[in-house]
**Q** 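Got a structure for you, written out below as C-alpha cells; questions coming shortly.
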Amino acid sequence: MPWHRACLGLLLAATMCCAAATGPERVLKRNSLGRGVAPFGTAAAAFRSISYEFGLGPIGGRLFQEIEVGARGARAAIRILGGAAPESIPPQILGGAAPDYDWRELERRGAGAARPPAGSTIQFPQPGFWEHYRWPIAGTMGFCLLQAALLIGLLVNRAKRLQGKAEVTLIADISARFVNLAPGEVDREIVEAQRRICELLGLDLAALWQWSMETPRIVTMTHLYRPLGGPPLPAPMYAHEHFPWSQQQLEAGRLIRVSSLAQVPAEAARDREVWRHLGIKAILTFPLAPGGAIIGALSFNTMRRERAWPDGLVKRLQLVAQIFSNALERKWAEEAFRTSEARLAAGVELAGLGYYEVDFGELATFADERFHAICGVPAGHHRGLQALEFGMAQLHPDDRQIMLDERARLHDGRIDRISIEYRYLHPGTGEKWIHHLAGVVTRSATGCAVRTCGVVRDITPYKRAELEAQELRGNLTHLARVNSLGALSGSLAHELNQPLGVILSNAQAAQAYLLQDPPDVTEVQAILADIVAADRRAGEVIERLRALLKRGQLSLQPLLLNQVIEGVLHLVRADLSRRGVTAVCELAPDLPLIAGDHVQLQQLVLNLILNAADAMATNDPGMRRLRLQTRLDQNKVRASVRDEGSGLPRDAERLFQPFYTTKPQGLGLGLAICRSIVAAHHGQLWAEPHPEGGAVFHFELPVAGSPDPS
Ligand code: ADP
C-alpha cells in the first residue's frame, strides 16, 4: 500500500470519529459548506436556524445518524487501510451524514418552499400539487402534444397537396397558353413561364439553351429568368468546353438531376466548377429533343440552397420541357418557312421569274406583277382563274397540246412537276419563248391537284441565241463535210468517169450497130441497157454527193446503221483503193433500226474512215487494213472503226477537242463535230488503242424506241 494512501485513511478515520462526537450544529455547518454541496443562501440559513432551535427533537433521528456516520467513516478508513483507493469510496460515506428534516414541520415553519441542502433527507413528506396530479397532467399534455403533432402532420400534408395542385394548375395553364400561340410570341411566353415556375417552386434560375443547327457543338442561351442576378452566363458557348459531362448526358437523352454539387460524379468535375462559379447549388436539366435529335436543354436551378428534386416534380417539369420544345419546333419551322419564302422571293426577283399559284378548290389564282408582264395578262384579269386561262389561250397553237397534256399529267398525279419550253403569243410584243416550271402544293385524297404553283420565265433571248448557235453548228458541220468531200474529189471524179466512159463507149458501139444494114437491134438493145445501168451508177454517186453537200436541219428517222456504213463505203471505195487501204466489213445482220439523221451519220462514218486511212498512210502497202464492225449491245447498236495506224496519244480525249490536229492541212474539227453528231443522237463516241496496234473508234446509238437515257 503506498504511504500516502495509509496517511489519507488514517486522516479520514480521525475526521469521522470527530464528526460522530461533534454536536449537530457543527455537522450541519460542515454539511452545508464543507462537502462540496452547492450552498443555497437564505434557505440554508433557515435550515441552520431550525437545527439550532429544535436540535434533534423536531428534526429527529440525528443522533443515530451521526453514530451511523461515524461507523461508516471508520469502515471506510479500514477499507482504505486495507488497500482500497480513496476515490472508490462513495462520497456520502466519507462526507458525513446529511441532516434529516420533518417535512410537516418544515411546512408549518413556512420553509417547505425552499429546498433543503443537497443530500438532506425529508421525513414524512406530503405530496404537493404537482406530485399529486403530475400523471393526469402529463397524460393530458401528452395527448395535447399528440393532437398537435397530428394537426401539424395534416397541415404539412395539406400544404404539400396544395403545392402539388398549384404545380399541376400552373402546368395546365402554361400548356393552354402554348396551344394556339403565334410563333412570334413563343419567346416571351417561355420566359414568362420560367418566371412563374421559379416563383412557385422557389427556384432561382431557369435557362433554356439551344443547340446550333449549323455547328452542333455550339449552344446558345436564349431564354433566362434569374431574379437574383449573378456572374454573366456564357452565350453562345462550346458546350464541350463548359459542360462536357452535361452535354454527354443530354445528347444521350438523359436528364440531369443534381440536389447538391457534392453528389456530382468525378467525371463531371468541369461542369461542377462552372456551376460553382455561377453560384448554382442544385440542377435539374431536361434535354429538348422533340424529334429524337437534341435541339436544346431546359434547366432549373437553385442558388441559395441545395434542394431535392422529387419524382413528382420532375415529371411535371418534364411536361414543361415538352411544351417548350414543341413550341420552339413550331417556331423554327415557321421561321424556316419564312426564310425560304424570303429566299424564294429574292430568287424569283433575281431570276426575273413570274410567280403564280392556283387553288382549284377555291377557283382562285394569285399571280404576281412579273407574271402579268411576261404573259401580257391584261389589267383586270385578276378574278377566279382568269389570268391562268388567258395564259393558256395565248400558247402557240403548235405547242398548246403538249402543254395541255403535261398539265393533265401533273394534275392527275402521273408526274410531280412540269418543266416545259413553249412559244407564246404575247399580245403586245408578239411571239416569245417561255420556260414554264410548275408543281403541286396540295393534292386531294384521290391524288388530284388542289393547289399548284409555278414560275414562268421569258427565255426568248436565250432561245434566239441557242437557235443562232445551232445554225452556226450546222454551218460548221456542213463546212466540215464539204471539206471531207473535197478531199475525196479526185476519187469521186474517177467514180463518175468510169460510168461515163462506159456510157460513151457503149453509145459509140450502138452507133456502129445501127449503121449496119440491117441494124443489129438486139445488140443495140443490150448496149442501151448497159448505158442505162452505167448512168444509174453515176446518178447514184451524184445523188450521194448531193445529199452530203446539202445543208439541212437535223431530222431523226428510223434507219439501219449498216446501210449508212455501206453507202459511205461506196463513196470512198475508189479513194481507199487509190490509197492502198483494204476495207474489211463485219456488219452484224438483222440489227434493229436506230433513230438517226442519214446525212449526219454518213458524215460521222466518213470522217472516221478517212482519219483511219490517214493514220495508216505511212504503213507498208500490205499493212493498211481497215476493219468496220457493227453489233447489238443490249439496247444499243455499236459501230467500231479499227485501223492499223500510228495509234493514239496517252490522253485520247484530246483528239475530240476542237482544233486539235496533227495534220498539216487539218482543221482539227472533224472529231469534235462527230461527237456533237453522236450527242444529238443520244449516243456516245470514244477512242481506244487496239492491243495489236492502231486505234479503234467506237460509237453507240440507242435502238429506235428505247427509253431516252437522259
Ligand atoms: P483533222 O482530221 O482535221 O486533224 P480530226 O478532228 O478529225 O481533225 O482529228 C484530230 C486529230 O486526231 C488528227 O489530227 C489526228 O492527230 C488524230 N486522229 C484522228 N483519228 C485518228 C486515228 N484513227 N489514229 C490516230 N490518230 C487519229
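Every number for a ligand or one of its atoms is a count from 1 in the order of the listing.
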**Q** Which residue and atom name correspond to the protein heavy atom nearest atom 17 (C) of ligand 1, and how close is it?
**A**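 Checked against all protein heavy atoms, atom 17 (C) of ligand 1 sits closest to L655 CD2, 3.9 Å.
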**Q** Please report whether ligand 1 has a polar contact with A615, defined as an N or O pair separated by less than 3.5 Å (distance criterion only).
**A**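 For ligand 1, there is no N or O atom that lies under 3.5 Å from one belonging to A615.
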**Q** Going by the order shown, which atoms of ligand 1 are within less than 4.0 Å of some heavy atom of F697?
**A**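 Here the atoms of ligand 1 in question are 20 (N), 21 (C), 22 (C), 23 (N).
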**Q** Please state which protein non-hydrogen atom is closest to atom 11 (C) of ligand 1 and give its distance, to 0.1 Å?
**A**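 Here the nearest protein heavy atom works out to Y660 O, 3.7 Å.
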**Q** Should we count CZ of R578 as having more than 12 external heavy atoms under 6.0 Å?
**A**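 Yes, enclosed.
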**Q** Do the non-hydrogen side-chain atoms of R625 and N619 ever get within less than 4.5 Å of each other?
**A**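 Counting from C-beta outward, R625 and N619 never come under 4.5 Å.
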**Q** Taking atom types as modelled, is there a side-chain donor on N607 or Q603 under 3.5 Å from an acceptor on the other?
**A**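 Looking only at side-chain atoms, Q603 and N607 do not form any donor-acceptor pair under 3.5 Å.
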**Q** Nearest protein heavy atom to atom 20 (N) of ligand 1, by residue and atom, and its distance?
**A**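 Of every protein heavy atom, N611 CB, 3.4 Å lies nearest to atom 20 (N) of ligand 1.
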**Q** Would you mind reporting whether E586 and R627 have side-chain heavy atoms less than 4.5 Å apart?
**A**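 Yes, their side chains come closer than 4.5 Å.
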**Q** Look at atom 16 (O) of ligand 1 and say which protein heavy atom is nearest, naming residue and atom and giving the distance to 0.1 Å.
**A**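 Checked against all protein heavy atoms, atom 16 (O) of ligand 1 sits closest to T662 OG1, 2.3 Å.
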**Q** Among G668, G645, C674, A687, which one puts a heavy atom closest to atom 1 (P) of ligand 1?
**A**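 It is G668 that holds the nearest heavy atom.
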**Q** Does the distance from a Lys or Arg side-chain N to an Asp or Glu carboxylate O, for R338 and E334, drop under 4.0 Å?
**A**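 Answer for the salt bridge query: yes.
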**Q** Indicate yes or no: does an N/O atom of L648 lie under 3.5 Å from an N/O atom of ligand 1?
**A**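 L648 vs ligand 1: no N/O contact under 3.5 Å.
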**Q** Under a 4.0 angstrom heavy-atom cut-off, which atoms of ligand 1 come close to G647?
**A**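 Matching atoms, with element in brackets: 25 (C), 26 (N).
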**Q** Looking at ligand 1, would F656 count as a contact under a 4.0 Å heavy-atom criterion?
**A**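 The answer is no, since F656 has no heavy atom less than 4.0 Å from ligand 1.
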**Q** Among L610, V641, D643, whose heavy atom sits nearest atom 23 (N) of ligand 1?
**A**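 The option holding the nearest heavy atom is D643.
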**Q** Any idea which protein heavy atom is nearest atom 5 (P) of ligand 1, and the distance to it?
**A**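 For this ligand atom, the closest protein heavy atom is L671 N, 3.6 Å.
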**Q** Cation-pi check for Y424 against R400: NZ or CZ below 6.0 Å from the six-membered ring centre and within 45 degrees of the axis, yes or no?
**A**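 No cation-pi geometry.
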**Q** For ligand 1, which atoms sit closer than 4.0 Å to a heavy atom of G666?
**A**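 Atoms satisfying the 4.0 Å criterion: 3 (O).
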**Q** Taking the inter-plane angle between the rings of Y355 and F366 on a 0 to 90° scale, is it parallel (under 30°), tilted (30 to 60°) or perpendicular (over 60°)?
**A**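 Ring orientation of Y355 relative to F366: tilted.
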**Q** Do K432 side-chain atoms and I374 backbone N/O form a donor-acceptor pair below 3.5 Å?
**A**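 Yes; judged by distance alone, with no hydrogens or angles, the pair exists.
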**Q** Could you list the atoms of ligand 1 found under 4.0 angstrom from a heavy atom of L667?
**A**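 Under 4.0 Å from L667, ligand 1 has these atoms: 3 (O).
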**Q** Does this structure show an ion pair linking E406 with R409, if we count only N-O contacts that are shorter than 4.0 Å?
**A**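 Between R409 and E406 there is a salt bridge, with a charged N closer than 4.0 Å to a carboxylate O.
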**Q** Within this structure, what is the CG-CD1 distance for the pair N506 and I531, rounded to the nearest 0.5 Å?
**A**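 One finds 5.0 Å between CG of N506 and CD1 of I531.
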**Q** Return a yes/no value for G670: is any of its N or O atoms, backbone included, closer than 3.5 angstrom to an N or O of ligand 1?
**A**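 Min N/O separation from ligand 1 is below 3.5 Å for G670.
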**Q** Please list the nearest protein heavy atom to atom 4 (O) of ligand 1 with its residue and the distance rounded to 0.1 Å.
**A**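 Among all protein heavy atoms, the one nearest atom 4 (O) of ligand 1 is T661 OG1, 2.5 Å.
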**Q** I want to know whether H411 and F360 have ring centres closer than 6.0 Å.
**A**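 Yes, the ring centres sit under 6.0 Å apart.
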**Q** Any nitrogen or oxygen of A672, side chain or backbone, less than 3.5 Å from one on ligand 1?
**A**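 No, there is no polar N/O contact under 3.5 Å.
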**Q** In terms of atom number and element, which parts of ligand 1 are under 4.0 angstrom from non-hydrogen atoms of N607?
**A**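 Numbered from 1, ligand 1 contributes 7 (O).
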**Q** At a 4.0 Å threshold, what atoms of ligand 1 neighbour a non-hydrogen atom of K663?
**A**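 Selected atoms, number and element: 1 (P), 2 (O), 4 (O), 13 (C), 14 (O).
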**Q** Under 3.5 Å between any N/O of S646 and any N/O of ligand 1: does that happen in this structure?
**A**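 No, there is no polar N/O contact under 3.5 Å.
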**Q** Tell me whether the count of non-hydrogen atoms from other residues, nucleotides or ligands lying under 6.0 Å of CE in M392 goes above 12.
**A**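 Correct, the count exceeds 12.
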